Every structure is written in C-alpha cells, then in structure tokens.
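Please read these numbers as outputs of a predicted model, since none were measured by experiment. By convention in this document, chain letters (A, B, ...) are assigned in the order of the sequence lines, proteins followed by strands, and residues within each chain are numbered from 1.
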Amino acid sequence: MKETVIYDLTLYLYGLSLLFQLAAFVRRNSAANRMGTGLLLLVWLLQIGTLVVSVIKYRTEGTYATPDTLLFLSWLLLTSSFAVSRLSNTHAFVLFVNTAGFCVLAAGLLQGQTRQPILSHWIGTDELLLVHIALAVAGYAAFALGAVLSGMYLFLHHHLKGKRLTQATRRFPSLSELESGAKKLTIAGLPLILASAVIGSVWIAQSGQTDLFRDPKVIGSAAIAVLYAAYLLLYRKNGFNGSMLAKWNLAAFAVVVLNYLVAGGLSAFHRWM
Amino acid sequence: MHIVAIGLNYRTAPVEVREKFVFAADRLPKALDELKSRKSVLECVVVSTCNRTEIYAVVDKLERCGYYIRKFMEDEFGISRERFKDYLYTLEDQSAVNHLFRVTSGLDSMVLGETQILGQVRDAFLLAQKEGATGTWFNQLFKQAVTVAKRAHSDTSIGENSVSVSYAAVELGKSIFGSYRGKKVAIIGAGKMSELTVKHLRSGGVEELYVLGRTYDRAADLASGFGGIPREWNQLAATLAECDIVISSTSAPGFVLTKELLQQALVHRRTRPLFLLDIAVPRDIEPAAGDLQNVYLYDIDDLHSIVDSNLAERQRESLKVESMIAEEMEAFEGWKRTIGVAPVIQALQIKAQTIHEETMNNLLQKLPELDEREIRVIRKLTKSITNQLLRDPILRIKEMSAGRGGNEALEYFTQIFALEDLVEEEAQSTAEQPQAREPEPKPGSLALQ
C-alpha cells in the first residue's frame, strides 16, 4: 500500500515538474525552470528509494513487481536528462526525455504493484536475472534517448526544409548534433542489448528448455537487435540521408514498444519486461 | 533632488553632429570631475558611444541644472550652445529613469535588443563611481539598470536571433551544423553580402574556403579578397561533394547550380547535409534543388523573411522588457521614498532630542536640589517617554513612505510634526557645492528645453 502511494506521488510530482519545464521552455521563465528542476530532483530521489526497496525485496523475499523494470527505465531516462542538461541548447531534449520518462512511469502504474514470486527457473540464478534485466533496460534507455533525438531531427529537418524557423526550433540542438547523438546512443545501446540477450540465451541453453528460443519476446528482442544493427550499417551506405536514418531509428524503437506491449503479453516466461 | 538625462542620439542628431560630441576615453575622468563641480550637479555619469552621448545627473533643482549641463558641453567641446541645442533632449525624474532603463536594455538602440550597450553603460557607471562622481542615488539606479538589462537578456529573447541578413545566414547554418569548426565553404562569385557572410563564418571557426570563378584568374582574384583557395570551374562538382556550405553570388543570367548537378554531388556525401545560400539576383541555384534530401537551400528573400520574423520577435519581446522596466521603476521609486524618509526621521529625532534637553534644563533650573542619581533617573525616564512616543510614528512613516502615496504621507508627517525647517536645513547643507565658475544665469534664460 505504502509503495503504491509513493509510486503515485512520484508520478504526480513528475507530471507537475513537466508542466513547469514546459512553461519555462515556452516562455523562458527561469523561476519555472528552477521549480521544475527541483521537482525532478525530488522525483529522482523517490525513484531511487523505490528501486532500493524493490531490490531488497527481490533478494530477501524472492519477489518482483512488473513495474519495477519500467521504474528503472524511467529513472535511467531522468538521470540522462540531468547529465545532458548542463550542455547548451538541450532544454528541448531534456523536456522530451522527461516526457518519455513520465510516460514510462505512468505505464508502470497501470500495471499495478502486485509483487509476484520469481519463476522457479530463475531461483538460484537470480543475480544473473538481475544483470540480464539491468543490461536490457539500460539498452532500451539508450534506444529511447536515440528515438527522442531522431524525432527531434525530423522535426527540425522538416522546419528547415520548409524555411519555418520558430523560437522552439532555435532552441534545438543542430541537425548534426541530433544525428550524431542518435547514432552514438545506438552504438551504446546495441552491445547492452546483445549482452543481455547472451545472458538470457546461455540460461535457456543451460536449462535445456530450448523451445523458449521460439518465445515471442525472445524473437522480438532478436528482431530489435537486427534492426538497430542495420541502422548502424546503413550509415556507411550511399543513398541514405539523415532523415531516412532518423525514420529508421524511430521505426526500430516502435518495434521495441510493440515488443513490450504485444510480445510481452504473449510470452510464457518473460514477464518482467 | 531630481534625476535628469540630457543628450543626443542617432535619432535626434546625424553622425556628423554626434561625432563632435564624443568623449575620448582618456578625457572622461577629467570631464566627470569638471561636470560634478558644476553648480547644482550632485552626481553624474556620462555615456558616450557611437550612437549617443548622454549625461545623467542628480541635481538639486531642475530649473537651473539644464543650463549648467549645456554650458558644460559647450565648454567641453568648444561648440556654442545655440548650434547644438536643437539636437538635445532633456528628460527629468521618472522619464530620465525610464530612458536609462530602456537604453541599457537595448530598447533604444539602433538594432533593437543589442547587448553591447549594456556593457557600455556599465563601464560608464563604473568609471564615474571610481572618479567619485556617483553617490547614493546613482549607485542604486545604475545597479538596477544593469540588473534589469541582464534580466531582459536572460529571461526574454530580445537579443537573440539575428537582424542582419548575413548573420541570419550564419545562424541558419548553426541550426544545421552546430559548429563551423572543420566545415568547408565554397564561394561562387563575389559580393558585399558574401564578404560579410564569410567574415562571420570565419569567426565561427571555418578555416577552409574555396573560391570558384568562371576563369581561374578571376577565382584567384576573388580568393585573395576572401583569404581562400582558388579552384577551376571544372572542379565545381568535386567541390560540391566536398564542401558543406556553398554561397553563390554571381551575375550569371541563368542557373549556375542545377538540381541534377547537386544530385550527383549528394551521392558521395552520404548523410552530410549541404547548406546552399543563393544571394544572387537573378538566382544562381535552381529552386527545385531545395527538394533534394539533405539540401537546405535559402535565397535572399528567405533570409530577409527570417530577419523580418526575427525583428518582429524582438518587438514582441520588447513588450516583456517594458513590463520588467515598469516593475524596476516602481522598485526605484519605492527605494527613493525610503531614502526620502531618512532625513525626516532624523529631523524628528533631532527635534525630540532638542525638546528633551530644553525640558531637562528647565527642570534643573526649577529643582536645583536634585542630586546626580535623581537627575540621571529623570533624564532616562523622560528620554524613554519621547522614544516610546516616537517609535510607532517612525515605524509607520517608514512603511507608508515605501508604498503608494508615500510622498504625500511623508509631506503630512513633516507638517504634523512641524519639521519643515529642519528638513530644509539638512537638504541645504547636502546641496552646498564649491563656487561655480560661470556667473548665475539671468532669470528667464534658465528654462529647460
């Protein structure tokens, strides 16, 4: 019960901070900016507290709550926004990343806070499970950030082509920075996803349940890795320009979201994300 | 005391007049000293830039100061007052304060929202402060002027977004590339706009510049002006593949760069964007080239449109700045009222002290048999009575003088306690100045413009 209240509080504060950040972005209000940043810091601390409690319960009781992984993803996104906020011209990016972080947290709230025992297969190798989840979530966080940058790239590209410069677009990073950032985040995220997949694959192979390789979630995750690898390869190919690559990145992230929503529901064993 | 601003600027005087009224940097300290020594001037700051020369002064009486300041300018520049009086404007009190805030925030500048003036006003004030030409009023006022200007530039976009065509082009490029370091520029043809744009690009970090002309000699000639490397015309395709920014400004009647030519160049560029600036009339670059992915084509009309939009944006932002200035003016008036209350309170305390002393003297005459201890106790108790009686009125007048109607409240307070003479004495002793060099002007010739 207490956890639900804290989760709700975190979500409300996150939403409130977004409103302040939006006001600061639209009207260049430094007071609103400070308020938004202060609330974000509070949200960040609440998230850390909740995650610590979850990890303790995982280790002591052997239980987990599905939203924990989404909470971790949201925390990673929020932490990234703090990291880049010190750089210039990142206000728009920080706003969008935190919007994504808020949506992820809200998605977790919809799933409910019921704690379930971890599957018997993973008992005894729960540390490995923790590493598998952490690597996967970190990888998806990188992809999410890359998707935000690609979305911003397309927005700015569209406005530059249409010769419609607004106050908002002037506060975006440049096209080169957006494209380069998306690429670097994919380079960072792909090895994490692959490492996570390797741990998962090794566990499946060792458990002898090779039919799990045909699980929808596993197939979906493999497809995601292929899509992002292809994205990086396309950079070296003639005929692909920045906006095409940005669209590819966004399409790949759409598959990530679908994999979570659809394949996750169909999966027999992959219920934490 | 009053604040005045007397001066001329780009609106009231052409450059051939303004240039005669520029204070040389090495002359300013002496000029400030000279100005402060003039009758009626209590504090002064001189702001002298290419677009304005303004004298800000705190004066004791309005009806004399204008004469003395204009006489100072006449003596300083050796030009008869009659010859420049038509170019001068004179602003008093709130108008002068408002003007200072607007000037410092860039609202009165030739280029709306420019930031250079903030530094110039700040430097002028710091110099005057260093020379001892400022006092309580200007130390507060100029601090507020600089603060509101900084707020204006940080909390609004008044100073952002270029209002010159060449710099607008450079800013556009930053939206594409971020930084110009390592970027290559190709110039086709020449013109004033190209030169300005190249100058801004170089200061932005561009190092490699290629110049193409119809003949190599022509290209070499142009390149020497830009500090670039000449290239033969047949290297155009290779240059398009290599460079990131192309500025075209030829006098060719038809298109110099076609969509087909650019399409071929793009094949080798992969994801690298190409920024094309067509500042020629008639246009050098086929408009359909703008449809190519990764090509960002802007002609002269597009750049003017951006500048117009930026100017309109600055105009909108200036309204926010005006409202900040209004708040700051209110704050300054409030501060002035609290300053005004100090001499009144002091006069009241002096009066109370005087009454107390007189009463004690009367008491001692009537009761000479009192011993030291009794005198001390009576003195202490009677002092306590006056202090307690005055405590609430003093607190109340401080509060009331800081708010609206503060001046009236202060006036009634002065009248109720009959402090007019004491306050006048104090004001006169503050206003006493060393003897003025010029004779007192005749009545009737002192009116301000």
Which portion of B:Glu160 sits near chain A, non-hydrogen atoms under 4.5 angstrom: side chain
side-chain contact (heavy atoms from CB on, under 4.5 Å) evaluation trace for A:Ser174 with B:Phe177: CA-CA 6 Å; A:Ser174 68; B:Phe177 303 110; 5.7 Å; no
Close side-chain approach of B:Asn161 to A:Leu165, heavy-atom, < 4.5 Å: no
Spatial distance of atom CZ (A:Arg170) from atom CD (B:Glu313) [nearest 0.5 Å]: 7.0 Å
Where B:Gln293 and A:Asn241 come nearest, the two heavy atoms and their spacing: CB-ND2, 2.9 Å
Interatomic spacing from NE2 in A:His159 to OG in B:Ser175 - rounded to 0.5 Å: 11.5 Å
Proximity breakdown for B:Leu266 and chain A, heavy-atom pairs closer than 4.5 Å: neither
Contact origin within A:Leu160 toward chain B - heavy atom pairs under 4.5 Å: both
Chain A contact via B:Leu292 - side chain, backbone, both or neither, heavy atoms under 4.5 Å: backbone
Stepwise side-chain contact (heavy atoms from CB on, under 4.5 Å) check, A:Leu175 with B:Tyr296: CA-CA 11 Å; A:Leu175 283 180; B:Tyr296 302 93; 3.0 Å; yes
Engaged part of B:Asp302 at the chain A interface, taking heavy atoms whose separation is under 4.5 Å: side chain
Atom pair NZ/OG of B:Lys183 and A:Ser176 - distance to nearest 0.5 Å: 5.5 Å
Non-hydrogen atoms of B:Asn294 and A:His157 that approach each other most closely: N-CE1, 4.5 Å
A:Arg164 CZ to B:Ser305 OG distance, which is reported to the nearest 0.5 Å: 12.0 Å
For the student: nearest non-hydrogen atoms of A:Lys161 and B:Val295, plus distance: NZ-O, 2.6 Å
Separation of B:Ile176 CD1 from A:Leu178 CG (nearest 0.5 Å): 12.5 Å
Selection from A:Glu179, A:Met244, A:Lys163 maximising heavy-atom pairs under 4.5 Å formed with chain B: A:Lys163
